[in-house]
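Basis for what follows: all heavy atoms, side chains included, without hydrogens, waters or symmetry-related copies. Numbering of ligands and ligand atoms starts at 1, following listing order.
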Amino acid sequence: MATMKAVRIHEFGNVDVLKYEDIERPEPQVGEVLVQVRAVGINPVDFVSRKIPIPGITAGNLPYILGWDIAGSVVALGEGVTQFRIGDEVYGMPRFPGEAGAYSEYITSPVADLALKPQRLTHQEAAGIPLAALTAWQALFDTAHLQAGQTVFISGGAGGVGHYAIQLAKWKGAQVITTTSTRNVEFVRDLGADIVIDYTRQASIDSIKDVDVVLDTIGGDVLKDSFEVVKRGGSIVSLPGHLGVKALGDQLAPQYGVDFAVIFVHPSGEQMAEMTKLANAGQLKTHLDGVFPLKDVAEAHKLSESRHVRGKLVLTLE
Ligand SMILES: NC(=O)c1ccc[n+]([C@@H]2O[C@H](COP(=O)([O-])OP(=O)(O)OC[C@H]3O[C@@H](n4cnc5c(N)ncnc54)[C@H](OP(=O)(O)O)[C@@H]3O)[C@@H](O)[C@H]2O)c1
């Protein structure tokens, strides 16, 4: 039996439940490839799914290999696979919100959930993209239908989703307003943000009016205030699955005449391929805030839980 290293949990809990173990290497099934993982992107859903069951990962999945975002090399093909060849470098977030098993040396993935990795990016930079950038893409373009010349307010512009959302909105030709703490003001300006509000110095965002689209990555009072800045007929797309976000948005949307949606990201090799083109053209970059060996994943989780990561944290297997 071929084995591999992986980080699994046998129960939900704090970082102590993360176990670096030898387990059986998976085999690609029909329509799947086997990927040797070079880097893994960390997202807030990783620590949430370590602590509690989420849609797609329940007690029935235990022991469960955490994580979704990977970049790596195709090392074996399942039956019927023609889209990729052995040796291709790929990236994606297979099967989300079902188990992908990203925190491991090898994973299998349906081919539809992968795209060729941007040659211009390292594996570590590429591994940051899938979940966060797909979320930004699906929120801005599939749900809010952001157009060139429109204005978008992105709360939390320095985070994983926010820093890709700024770049995607600028590529689309929109004007971008965003919020960060003081230490990230220059960072989001360099990404292309046109107006930056330092939320530690200016508690209210009521100086902003009549934006077309809001991408809310924070929830709570930030979502509530977003209804004051969006114009009638505009859109608010919210991401956090907590803090009564959906109930609050559903209550306020009719009063303000605004379209409101909470979205849940889904895998898309096609959209990843679009992002590969942007990254190769230098229009989509990853800021790496920290890189950790797979066995030190607990350190990455602690930082992610601080909610003040700039860009992305990744794990390396090289
Ligand atoms: N529904 C979905 O499918 C989906 C998909 C992806 C993510 N999400 C959710 O979306 C949220 C964002 O995800 P993420 O990956 O971007 O998280 P993240 O990388 O952990 O975001 C951290 C960023 O949030 C900023 N921040 C914290 N408090 C803020 C505030 N009050 N105002 C403005 N910025 C603030 C921080 O900037 P400062 O350090 O400058 O404060 C930091 O850069 C999370 O709740 C995540 O679970 C949902």
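- The environment of NZ in Lys224 is sparse: at most 12 heavy-atom neighbours from other residues, nucleotides or ligands sit within 6.0 Å.
- Under 4.0 Å from ligand 1, the heavy atoms of Pro44 that appear belong solely to its side chain.
- Looking at Val265 against ligand 1, both its backbone and its side chain come within 4.0 Å, counting heavy atoms.
- Partners of Lys5 by salt bridge (Lys or Arg N to Asp or Glu O under 4.0 Å), not counting sequence neighbours, listed by chain and number: Asp22.
- Taking every heavy atom of Thr179 and a limit of under 4.0 angstrom, the matching atoms of ligand 1 come to 33 (C).
- Between the side chains of Gln202 and Ser207, at least one donor-acceptor pair of N or O atoms lies under 3.5 Å.
- No donor-acceptor pair closer than 3.5 Å links the side chain of Gln83 to the backbone N or O of Val81.
- At the top of the distance list for atom 39 (O) of ligand 1, counting protein heavy atoms only, stands His308 ND1, 2.8 Å.
- A distance-only check finds a donor-acceptor pair linking the side chain of Thr135 to the backbone of Leu131 [under 3.5 Å].
- Nearest to atom 42 (C) of ligand 1 among the protein's heavy atoms is Val309 O, 3.1 Å.
- Within the cation-pi definition used here (under 6.0 Å to the ring centroid, within 45° of the axis), Arg310 qualifies as a partner of Phe187.
- Remark: side-chain polar atoms of Thr178 are paired, donor with acceptor, to backbone N or O of Gly157 under 3.5 angstrom.
- Considering both main-chain and side-chain atoms, Arg183 never comes within under 3.5 Å of ligand 1 through any nitrogen or oxygen pair.
- Nearest-heavy-atom check against atom 18 (P) of ligand 1 across Ser238, Gly219, Gly160 picks out Gly160.
- Among all protein heavy atoms, the one lying closest to atom 23 (C) of ligand 1 is Gly159 CA, 3.5 Å.
- The distance from ligand 1 to the heavy atoms of Val161 drops below 4.0 Å at these ligand atoms: 6 (C), 7 (C), 13 (O), 14 (P), 15 (O), 16 (O).
- When heavy-atom distances to ligand 1 are checked against a 4.0 Å cut-off, Val45 has no atom that comes that close, whether in backbone or side chain.
- Remark: among candidates Tyr199, Phe187, Phe264, the nearest residue to atom 28 (N) of ligand 1 is Tyr199, based on non-hydrogen atoms.
- Taking atom 34 (N) of ligand 1 as the reference point, the nearest protein heavy-atom neighbour is Gly156 CA, 3.2 Å.
- Interface of Ala158 with ligand 1, defined as ligand atoms under 4.0 Å from a residue heavy atom, comprises 43 (O).
- Here's the thing with Arg307: one of its N/O atoms is less than 3.5 angstrom from an N/O atom of ligand 1.
- Nearest protein heavy-atom contact of atom 1 (N) of ligand 1 is Ile263 O, 2.7 Å.
- The OH atom of Tyr91 sits 12.5 Å away from atom NE2 of His123, with the distance rounded to the nearest 0.5 Å.
- Looking at atom 40 (O) of ligand 1, its nearest protein heavy atom turns out to be Ser181 OG, 2.6 Å.
- There is no side-chain donor-acceptor pair under 3.5 Å between His145 and Gln150.
- Residues Thr200 and Thr182 have side chains that bring a donor and an acceptor to within less than 3.5 angstrom of each other.
- For Thr135, every heavy-atom contact with ligand 1 shorter than 4.0 Å involves the side chain, none the backbone.
- Counting heavy atoms under 4.0 Å from ligand 1, residue Ile218 touches it through the side chain alone.
- The nearest heavy-atom contact from the protein to atom 12 (C) of ligand 1 is Thr217 O, 3.6 Å.
- Residue Asn184 has at least one N or O atom closer than 3.5 Å to an N or O atom of ligand 1.
- Taking 4.0 Å as the cut-off between side-chain N and carboxylate O, Lys19 and Glu11 do not count as a salt-bridged pair.
- In this structure, of Leu239, Asp46, Thr200, the residue bringing a heavy atom nearest to atom 10 (O) of ligand 1 is Leu239.
- Not a single donor-acceptor pair under 3.5 Å links the side chain of Asp225 to the backbone N or O of Val222.
- A donor-acceptor contact closer than 3.5 angstrom links the side chains of Asp46 and Tyr103.
- Listed by number with element, the atoms of ligand 1 under 4.0 Å from a non-hydrogen atom of Leu131 are 5 (C), 6 (C).
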